[in-house]
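The chains referred to below are lettered A, B, ... by the order of the sequence lines, with proteins before strands, and numbering in each begins at 1. All figures in this text were calculated on a predicted structure; none of them were measured in a lab. These numbers come from the heavy atoms of this one structure, side chains and all, not from hydrogens, waters or symmetry mates.
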Amino acid sequence: MTAAKAILNDTTRCTGCEKCVSACKRENGLAKDLPRRWKLRIDDLSSTRFTTIQRREDGRPVRRMCLHCLEPACVSACIVGALQKRPDGPVIYDGDRCMGCRYCMMACPFGIPRYEWEQPVPYVRKCILCYHRLDQGKLPACVEACPEKATIFGDRDQLLAEAERRIRDQPARYRNTVFGRDEVGGTSVLYVSDLDLGFLSWKPDLEAQALPDLTWAALGKVPTIVLTMGGLMTGAWWLIGRRNKLAAEAAAAKEQETAAPAVKPKTGEKS
Amino acid sequence: MTRRLTALKTVLWLLAGVLGLLTVVRFLRGLGATTALTDTAPWGFWIAFDVMSGVALAAGGFVVAATVYIFGRERYRAFARPAILTAFLGYAAVAVGLLYDLGLPWHILNPVAHPQHHSVLFEVAMCVMLYLTVLFLEFSPVILEHPRLQRPLLVRIHHALKKVTIPLVIAGIVLSTLHQSSLGSLFLIAPYRLHPLWYSPYIWVLFFTSAVALGLAMVISESFFSAWLFGHKPRRELLANLGRAASFVLLLYVALRLGDLAARGQLARALEPTGHAALFWLELGVSALLPALLLQLPRVRSASGGLFGSAALIVFGMIGYRFDVCIVAFARPEDMPYFPSWMEIAVSVGIVAAAMIVFVFFVEHLRVYPPERLPSDPCAERAGTVNSRLSTLDAPPGPETVRPLLVGPAAAPRRYSLALVLGASLAVALLPATALFGEQVQRTPVAAPRMLDVLRLPASGRPAALVLPGDLELRTAGLGPRPALLAASRPERRGSVAEGDPGLPGGHTQGEPVRALLLDADRDGRTVLFAHDAHVERAGGETSCGRCHHQNLPFDRASSCGSCHADMFLVSDTFRHQRHVERLGGNASCTGCHDGAEGAKTRAKARACDDCHRDMVVADSVVAPRAGGLDGHAVGYMDAVHGLCVSCHEREVAARPGELPDTLADCGTCHGREDPGRLRRQGPYLPHSARRAQGLSTLDPRPSTRGPRAAPGPYRVGARPAE
Amino acid sequence: MAQPSGKYSYYVESRAGDVSDRPRKFLEAFAAVLEHSSYGIALDAYARVGAKCSRCAASCQLYEATGDPEDIPCLRSELLLRVYRRYFTYGGMLRARLFADFSLTDEYLDRMGEQFYRCTACRRCKLTCPFGVDHGLVTHLARYLLAEVGVIPKALVVSVREQLSGVGNTSAIPPAALRDTCEFLQDELKETYGVDVKFPIDVEGAEHVFFPAVSDYLLEPDTLMGNAAVMHVTGGSWTIGTGNFDGINYGLFYSDRMMERICKRVGAEVRRLKGRKVLVGECGHATRSAWLLPNFLGADAPPVVAFLQYTYRALAAGKLPLKREKIPERLTYHDPCNLARAGKITEEPREILKAISADFVEMTPNRTENYCCGGGGGTVSIDEIRAFRTKKMGKRKADQIRATGAKLVVAPCANCKKQLKEVCEDNGLEDVRIVGLHDLVLKCIDFGSTGGRHAE
Amino acid sequence: MQAWLEWARGPAFVFSFVFLLLGLLRHVALTAWEVAHVWRRAGDKKLPLGKLLRTTFLWLLPLTRLRNRFWFGLTSFVFHIAILVVPVFLAGHVALWARGLGLSWPAVPNAVADVLTLVAVVTAVLLLAQRVFSRATRSLSRFQDYALLPLIAVPFATGFLMMHPGSNPFDYQATFFVHVMSANLIFVLTPLTKLSHMVLMPSTQLVAELAWHWPVDSGSAVGRALGKEGDPV
């Protein structure tokens, strides 16, 4: 198996030229961005834009894309396994399996998956880390297109080391953290930046716990519940049925003593 | 009684008609056209109501089944059939509702083919699927009782089903327990989006407890409703017992909910004066606290109104709980709120209506209610005996009191089909343009043109010019009266006609006052004086009116100019249409670039740029016009310049490796490596709503990026032969 | 006990209990009829699409004679359709709530009672209605409903009563008298033509069971003899049943309930005699009622043969030997509405007449568009309206006959014959003779030396 | 006015048009259903289908039946041609159809449309006049018989004015509004009034014939329902 790959984004190097965006569009055959009701900004992530340059207040460009979590919430949420995490990094999507429930979009802590709302037959769209290019030994289109080397591709371990080296070398230029190292269990897209990158997720300061674990804490109890509930109900039915039967028999016996016709109770049977 | 039922059924069919039409639209036009859903609100009304609430509302089935079959409370047997039927139809409605919500509904069975058992949704789906089957089997004896189904095979199935009643009931209870709670577990994966007052690792316990209470409340309200509908007496004392049970469950639920908050240390958050805290208390109060306390009072329990009211509170409150979790307390950007479109609501209501039609159908044809509880046979309406119909003639004799009758086989279809047709027609009339004609690119919002007084300068031998008094002459040349174009509107001059205004150009001292239309379609301050006469003349005289005025295009909110001049508002970086118009002599120049005097002046009919700009692409030009660009527009300024510089840089670096620095072709080389923000020439295009939200209202003059208008100077046209 | 009601131009038997609350009873009957018959489908269409173009007015001989708008078929039908709309459609119910719409009153019923018995249900207007509104059907239904509230001309109800609960036929002929009559007719034939023509009675297994208008036994012996002679020379297998030998069905004129009972008696008689076909004598409405038999008896009802058809087939097959000399007088043919209007029997009698007549002229118009004799719809038996029948309804017919100049009018229908005789009397056409078709056929049959019996 | 016009052309039009289509479809469906029902119950299943088809077809060609009331029939025929051709084949309307439905078809020349429009208005007036001045029709006519003719003339008259704004003395938008709204009104009324003959016409002959085909024992069933079973004749 190939080693886990990753992308490292250095926001201090990004000039916002959007070459990554057009490369991505070309590579994935995405259509023109049109103003739509469901887009706050036309350059927001959308079904026609897998990566974008998000500009902070002071105009600082930050590239936004799927972070390809190591333990992706979307993959664990997907009911049909249309979303899969490949060992080498990309979180990929299979439209043939997708049933369009959009639970992945609810689950993603970064708000990445987008939907083709304009289509009668819509699919989920998101960055797939150009896995088809990876398979051919090529770089992801955006990485290849970046004229500034603000986004680079490589083994995750090496990139982490590179990120730490940069932070060490130029402490004034960077914040002392690699975004994506631990967040929600780690991601395959890493950032070094002088900015606080909390805006990339729904809430700043993500914890290190992987989200699928939260679900599994409850989901793991299912067998217990089945057995407990089933047992309880069967037991209750048997006990109560028996008690009613005994009571009825006693009553019948009593009634027989008084020479009245006995009526057999019918419990547990549908009328 | 019959009239009440008929009236209700008519309304239900009307709603079904709405549903029918919306079904067509939903599947023809997609989710974007019919719902208010967005990427930040992927789950909306349909999930919250149809699925989350629908499943919970159908909880009466398993609660009553447990009471009767497991706990042997025979007194409640009368509630079993309607409750199971309600549950069955409720779950069927959930399944149908899901078909509307799913993007690819024909993949609805994929969870069976491609199970992903780490997904809570998978568990919910499996449970709902199985439980729907169980409910069908539980209910099917009622169908198989029907006298017309007494065939040997069916009778054998009937007996077999009766034998497995208890296993079925137990399976139903287990499945219900699982998925009622799992609906809560769905949200475990979104700790960063669901508000802490609702998010809890034990949310599934809360969902289950509330579902039990809701199930009891549903049995109560359903009993009262059907009693009202079919005219029998509700069994109030039994229902009161159910109410008491519901109250205890609710108290348990409140304790769990508050205890959970306390354990997570979030209780203080509920006491902060925030909107979410208020919502929390409102929801908890309506759904649990208030009804629980009310139902503890024997006086409330023993009164029909009190019992029904409390049950209704629970029902609405618990639906509210589901909505809060699914929509209201689920984080999304403040400037992108979600409110369901009327179509979403109407589809949900329509599905409920359809389920109720089926419910009434079952009640009318099967023994859903014990016969002794129906004072008159509701099947009589369809039994075909005229005498029962004639019972509507029970008024005292006399022609005035003869009440209308509807008989014949077609009477019922006639009534309900009319309701259906009416519903569908109303629905289509209310559809937004997107749903009718598909999602379309937002077009420039248009304001109606204003009529104002202008001066027409007398001209002998040459076409007249329209002039705003005091303004510059708007250039006319060549072909006839032209609409004049203004660079910026001058509000202070509008409407003032000053004879002999010294500002008149061309040595004129007076003009003929005429009225003209001032078009400023998007109120951006750049206006056009619309010369109506010129258009009439050019478009072919009087009968041509239809070409513009008869573009009675429903829902066309864009400029009527734009429907011919289709590209007049397109944004492009390099090609400045406005500037070309100014340089080339106002609107007279239209035909200079666009083919033909008549017809639409679209890009499709325009000359290519290099038709005039001959030096733009010389033989060895480094400009590489992007062939078939992704958006098909004119090459943007950035692309054009980048094409000029960057391609050369890249070529040179490649041609002379080592001689030139590797970074020569990097952006930072030209744009300054240390200040990437400088690159931001101009904000990207924003839709108008967003622009307004940011205080850049389109009703204000657009902040000009063009600077003051340059005086029209000679424009050198490359190799174009001089005229 | 019969008494002139005074409300109507004809006598009505008023029965106790039916007099009060008639609108309500009318509507009840309406509801029941709509439920159990098929009129609803037509009423619904008519109530919706009536064009009110008055084309029917131009085709109605009654309106032409009286000029009274009340007699326009469309307006007459509207009397019933208005009730239908008001009480049996949602639009009508809504309108009744919003506006003070009309309501059904006793006076209204009286008006209907008068109007619907002025119409002879000849259905000539249906041909010119752009929407094919069958005003005859509306008249039929309206009379049915009126009958349920007791508005029936006494003459009609008496006939039916005689048939259903009396002797068993409208002319009250007991079976013994029937046998006598038949023997007499046999003798008559023997005497006149020297042939031994049989009137087979109660022969089981005969192919045809014969149902003439029973009045023929009393009034039209020539027609019957003609019938028998045709059967004789063609060797047809036929019989007259003593259980029921009456083709008349006045139920057709006022009540489906009665019609059903009478038709069932016909069916029972055919079954009793193990006959295969119903052979109807020269009678329009009897033929039409017989054609309606499947409505009452279902798909296995016996097929119906009109005598005209039988004779024509025999003629066409060459089984009917005719004398060389033809009838010299100028004669014309009257198409009974019930036979001709739907285009069912128009050519057969003409072919026969051409074979036996030297001077046959057509009336104009003729065939499906022929005018009614004026006594259709059973009104011919209501003697108290004779003046109306002959002077108003029959005026057009009298003009027609006069225009042909014929002295002999062939009318293969008992009712038409009676009506036409009266029309001629009252319109100064005393020299015109009205005869049945088989009267003439009888005269022309060549019995020959073999006694007429065809070689088999 | 602009907003009202938008409303009339937008939601109001869509409502009326869909109501027209679905309402007529409902008539067709109900008729088919009833025909099937009557047919199923009928004791006599023999129908002269060929003859019915011929009669129906002949009546769909109104020219074949001009005999009585010749002028009335002729006017009515011309009127129908005009009111069918103009709304569907007017160039402006074709543009609308193309825009709304995405379907396009050849249009009649505007001059022809003008003539037909005038013909429609004139024949509507003539029909009304004939109705008023003929005694028979006058006594037959209901409110809708009088009201529908001028109502149908209104969109034609206003449409003509819109096509010739130079000779239109009224406000253009007001004319437009009246044009659209009167057409909307006609659309809504069509399924509810005698205008529904546009779809019921082909079935009237069949229906008239079928009405004579009753279920077996219908008479006794009526008697039973009315409690008159044992009553003497």
Could you please spell out the steps behind the side chain to side chain contact (heavy atoms under 4.5 Å, CB included) verdict for A:Val121 and B:Trp106?
CA-CA 10 Å; A:Val121 181; B:Trp106 45 94; 3.8 Å; yes
Apply side chain to side chain contact (heavy atoms under 4.5 Å, CB included) to the pair B:Leu109 and A:Met99, showing each step before the final yes or no.
CA-CA 9 Å; B:Leu109 290 178; A:Met99 57 189 251; over 6 Å; no
With side chain to side chain contact (heavy atoms under 4.5 Å, CB included) as the criterion, how do B:Leu31 and A:Tyr115 come out once you've worked through the C-alpha distance, each side chain's angles and the decisive distance to 0.1 Å?
CA-CA 10 Å; B:Leu31 288 165; A:Tyr115 210 53; 3.7 Å; yes
Tell me, with the steps shown, if B:Phe187 and A:Met106 meet side chain to side chain contact (heavy atoms under 4.5 Å, CB included).
CA-CA 8 Å; B:Phe187 295 90; A:Met106 295 289 281; 4.1 Å; yes
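Aromatic ring centres of B:Trp43 and A:Tyr103: separated by under 6.0 Å.
In terms of heavy-atom pairs under 4.5 angstrom with chain B, the leader among A:Leu232, A:Asp213, A:Thr234, A:Leu45 is A:Thr234. Chain A forms the most heavy-atom pairs under 4.5 Å with one residue out of B:Pro191, B:Ser182, B:Pro115, B:Ala190, and that residue is B:Pro191. Note on B:Ala331, B:Gly103, B:Gly30, B:Ser181: by heavy-atom pairs under 4.5 Å with chain A, the leading option is B:Gly103. Listed options B:Ala171, B:Pro167, B:Pro111 were ranked by heavy-atom pairs under 4.5 angstrom with chain A; first place goes to B:Pro111. Comparing B:Val169, B:Leu37, B:Asp101, B:Leu175 by how many heavy-atom pairs each has under 4.5 Å with chain A, the most go to B:Leu37. The residue among B:Val205, B:Leu121, B:Leu178, B:Val68 with the most heavy atom pairs within less than 4.5 Å of chain A is B:Leu121. Between chain A and the residues B:Val120, B:Ile70, B:Leu188, B:Leu161, the largest count of heavy-atom pairs under 4.5 Å involves B:Ile70.
From A:Trp38, atom CH2 reaches atom CE of B:Met336 across 9.5 Å, with rounding to the nearest 0.5 Å. Rounded to the nearest 0.5 Å, atoms SG (A:Cys108) and CZ (B:Arg193) are 9.0 Å apart. Atom CG of A:Leu239 is separated from atom CZ of B:Phe71 by 11.0 Å, given to the nearest 0.5 angstrom. B:His114 NE2 to A:Cys98 SG: the interatomic distance, rounded to the nearest 0.5 Å, is 11.5 Å. Expressed to the nearest 0.5 Å, how far OG1 of A:Thr215 lies from CH2 of B:Trp204 amounts to 13.0 Å.
Between A:Ala77 and B:Ser119 the shortest heavy-atom distance is O-OG, 2.6 Å. In this structure, B:Ile189 and A:Ala73 approach most closely via the heavy-atom pair CD1-O, 3.6 Å. Nearest heavy atom pair, residue B:Leu102 against residue A:Cys101, reads CD2-CA, 3.6 Å. When every heavy atom of B:Ala125 is checked against every heavy atom of A:Ile79, the shortest pair comes out as CB-CD1, 3.7 Å. Across A:Pro109 and B:Tyr192, no two heavy atoms sit closer than the pair CB-CD1, 4.0 Å. Between A:Trp216 and B:His117 the shortest heavy-atom distance is CZ3-O, 3.9 Å.
With hydrogens and angles disregarded, a donor-acceptor distance shorter than 3.5 Å links the side chain of B:Asn110 to the backbone of A:Arg97. Side-chain atoms of B:Glu123 never come within 3.5 Å of backbone atoms of A:Val222 as a donor-acceptor pair (strictly under, hydrogens ignored). Between the B:Gln116 side chain and the A:Ser76 main chain, a donor and an acceptor come within less than 3.5 Å of each other.
Around the OH atom of B:Tyr202, the shell of radius 6.0 Å holds no more than 12 heavy atoms that belong to other residues, nucleotides or ligands. Around atom CZ of B:Arg73, no more than 12 heavy atoms belonging to other residues, nucleotides or ligands sit under 6.0 Å away.
Neither the backbone nor the side chain of A:Ala217 comes within contact range of chain B; no heavy atoms are under 4.5 Å apart. For a residue to count as touching a neighbouring chain, one of its non-hydrogen atoms must lie under 4.5 Å from one of that chain's; by this rule A:Asp96 touches chain B with the backbone only. At a 4.5 Å heavy-atom cutoff, A:Val124 makes no contact with chain B through either its backbone or its side chain. Neither the backbone nor the side chain of B:Leu194 comes within less than 4.5 Å of any heavy atom of chain A. For A:Leu206, the parts sitting under 4.5 Å from any heavy atom of chain B are the backbone and the side chain alike. Within the 4.5 angstrom heavy-atom criterion, atoms from both the backbone and the side chain of A:Leu214 approach chain B. When heavy atoms are compared at a cutoff of 4.5 Å, A:Glu207 approaches chain B by way of both its backbone and its side chain.
With a 4.5 Å cut-off on side-chain heavy atoms, A:Trp237 and B:Ile166 count as touching. By the 4.5 Å heavy-atom criterion applied to side chains, B:Tyr69 and A:Met233 are not counted as neighbours.
With A:Trp117 as reference, B:Asp39 is the one residue of B:Thr34, B:Thr35, B:Thr38, B:Asp39 to meet the side-chain hydrogen bond (donor to acceptor under 3.5 Å, both in side chains) rule.
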